[in-house]
There are 2 protein chains.
Amino acid sequence: MAPSLESQRPTLEDGETAPSKVTIVGSGNWGSVAAKLVASNTLKLSSFHDEVRMWVFEETLPSGEKLTEVINRTNENVKYLPGIKLGQNVVADPDIEHAVKDANMLVFVTPHQFMEGICKRLVGKIREDAEAISLIKGMEVKTEGPCMISTLISQQLGINCCVLMGANIANEIAVEKFSEATVGYRENREMAQKWVGLFGTPYFMVSAVQDVEGVELCGTLKNIVAIAAGFVDGLEMGNNTKAAIMRIGLREMKAFSKLLFSSVRDSTFFESCGVADLITTCLGGRNRKCADAFARSGGKRSFDELEAEMLQGQKLQGVSTAKEVYEVLSHRGWLELFPLFTTVHEICIGRLPPSAIVEYSEHTPKFSLLDGSTQLY
Amino acid sequence: MAPSLESQRPTLEDGETAPSKVTIVGSGNWGSVAAKLVASNTLKLSSFHDEVRMWVFEETLPSGEKLTEVINRTNENVKYLPGIKLGQNVVADPDIEHAVKDANMLVFVTPHQFMEGICKRLVGKIREDAEAISLIKGMEVKTEGPCMISTLISQQLGINCCVLMGANIANEIAVEKFSEATVGYRENREMAQKWVGLFGTPYFMVSAVQDVEGVELCGTLKNIVAIAAGFVDGLEMGNNTKAAIMRIGLREMKAFSKLLFSSVRDSTFFESCGVADLITTCLGGRNRKCADAFARSGGKRSFDELEAEMLQGQKLQGVSTAKEVYEVLSHRGWLELFPLFTTVHEICIGRLPPSAIVEYSEHTPKFSLLDGSTQLY
């Protein structure tokens, strides 16, 4: 029989604040791994309440059982992270309002398209002193500016929101392969360190940078570069060309982020959320894979068709992000500053052949278009 | 019959300076590709003399012919770059003193261990107004500091020396696959632009940065990181871990370069010589390959043995560079600041198992050891 969780809690000494209570909002593949990481730390650290609550969108399994019941009985998310013990202190809860009501540390890790609805449901239902972190990649980039998930959470719920991004393939971290991540924070360095402590383990090294926007934009823009890298693979152009395209992509990620937010720091792109996530995504990843197949077909098969065939219901984000970014660039007159982003979109919509990804002679950035723009690169 | 080279030369107008004469010192795989790139540009640009002289270390081929004779007859370096036309304006010359005597632009591209001897032979034999560029990667890092090839050339010959580095797999550039490179220069931006014009083509994009040391150190230090990446591959740890190790490696390359030369710029590591060359080297490349095999053998086969078996006479630079860097770190008390570089060397000499490459819990950099050192990262 499992020991009572509370028996492991150290006594609260004078002057200590009450331990923080953590709730994970989301329970997919990455959400489940996040729960495992967090739950291993709340047991060890006296500044956290042992129990980690995890909101689970309830499903009935083929066996007829409810998903939350199976998770709470087996300590496994049998549907989204089978074979991995989450920790006995993870409690699955199908009621989102109940799951968040006692928590002062909220971890958001759902598909990005659900976040607006979730925020609306949670207004007035969370603690006033709650702090949030978003692990959600793939915000939308609208013409009037990017719709940052961290901003959505902050504005809708009236709370502070950090982000955690990085080279994070959930299944590899689940089996405790060495990895890293980056926490982006706005002002409160102490809170950022608390998130670092909550997520970090010897095999999952987390560091914090004061740059929410830079960190969050990395997690989205890398998918455009992965499409470009996939084209290079499909054209069988070799590692040399692929490395060049990845570098140009990283440069455009940096330049685009800095044009949108002057607070974005160059150094962020050396962090796990920048160069490392880019490398992982361009080596493996579904954007790369579908773009590879697209190029091999000579652009004759559509991304919709390839996605349906190759991804078993998972969604490709690079193509839609490329379109969104293209609209921003076009709207602001920046197309010529971003030859790679621009070309990716034009290949995706069939305006250019896949081989255009390396035809740069006429696409060299026009540095003179914006004052001081050479510093963007 | 080939047209006379001189017939293509535009007439010199009033105020124009005499066209520059280029000599390539070296004719291996990369040297031959460099000759091809340069020769395509000297034909097009009136600021250069059409003819490109290439010093060739004379060899007698199995057919009994001299290598220089075959190159001059066929326009191919049949030994080191077979199947590629160098251009009719490339003239192979077995006499190094004769090859350099008229040139005011010298391109050095030999194995690095020959450079000291070559410089000694050329003292007093070159034009006084000569400018140099080094394409040579793999300088030695001695305890008293790195022995930069560009510095060796500058000091021995009393001339200015730029460097050109980048993600440059010679055989891929030879078949005109898209690639990039970085020119590092010290002060003379105009001269750097002249080198950019001499090497750049639509498929070989060159840019210049004012940071000779940063650019040159990238070309050497990346090989240590490639050894680490090879260990990760051999241990089958996946792309996520590999990306993390590459990122940490890039961070240490930057920190080490900045500690040695305060003039080194962060932005250099975003250039082709930095992140792109690192990616290429960690994806393919012989350092990665041998380190992969080393890890698969559990460290039981030595690098000497693997090198002899796998590289057909080519040399592995990462292992010796790791040793040289370790000596510098040890001598200066910096070992703890560079856990990845340190660990690579200790694995290579058998002091640690290959799996130590990802055991970072006890190897976290101690930022407090050096004032301001956090900015190194």
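Quick caveat, the model's predicted, so the values are computed rather than measured. Just so we're on the same page: letters track the sequence lines, and every chain starts at 1. Any value given below was found using the heavy atoms of this structure, including those in side chains, with hydrogens, waters and symmetry copies removed.
Applying the salt bridge (Lys or Arg N to Asp or Glu O under 4.0 Å) test to pairs two or more places apart or on separate chains, none has a residue in residues 195-205 of chain A.
Neither the backbone nor the side chain of B/Asp277 comes within contact range of chain A; no heavy atom of the residue lies under 4.5 Å from a heavy atom of that chain. Using a 4.5 Å cut-off between heavy atoms, A/Leu250 contacts chain B through its side chain alone, with no backbone atom that close. If you measure heavy-atom distances from A/Phe269 to chain B, the contacts under 4.5 Å come from both the backbone and the side chain.
Side-chain N or O atoms of A/Arg251 include none that pairs as donor or acceptor with a backbone N or O of B/Phe270 at under 3.5 Å.
What you find for A/Ala243 and B/Ala276 is that their closest heavy atoms are CB-O, 3.3 Å.
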### Message
Assess the residue pair A/Glu180 and B/Ile248 against the criterion (side-chain contact (heavy atoms from CB on, under 4.5 Å)); give the C-alpha distance rounded to whole Å, side-chain angles, the decisive distance to 0.1 Å, and a yes or no.
### Response
CA-CA 10 Å; A/Glu180 294 185 303; B/Ile248 293 167; 3.4 Å; yes
### Query
Does the pair A/Leu283 and B/Leu283 meet the rule for a side-chain contact (heavy atoms from CB on, under 4.5 Å), with working shown?
CA-CA 9 Å; A/Leu283 293 189; B/Leu283 294 189; 3.5 Å; yes
### Query
Checking side-chain contact (heavy atoms from CB on, under 4.5 Å) for the pair A/Asp266/B/Asp266: CA distance, chi angles, key distance, verdict?
CA-CA 9 Å; A/Asp266 283 353; B/Asp266 283 352; over 6 Å; no
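Once rounded to the nearest 0.5 Å, the distance linking CG of A/Asn240 with CZ of B/Phe178 reads 10.0 Å. Expressed to the nearest 0.5 Å, how far CD of B/Glu172 lies from OG1 of A/Thr241 amounts to 6.0 Å. In this structure, A/Asn239 CG and B/Ile169 CD1 are separated by 5.5 Å, a value rounded to the nearest 0.5 Å.
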Side-chain donor/acceptor pairs under 3.5 Å, residues 224-237 of chain A, sequence neighbours excluded:
unit_1: A/Asp233; atom_1: OD1; unit_2: A/Lys242; atom_2: NZ; d: 3.3
unit_1: A/Asp233; atom_1: OD2; unit_2: A/Lys242; atom_2: NZ; d: 2.9
unit_1: A/Asp233; atom_1: OD2; unit_2: A/Arg288; atom_2: NH1; d: 2.8
unit_1: A/Glu236; atom_1: OE2; unit_2: A/Arg296; atom_2: NH1; d: 2.9

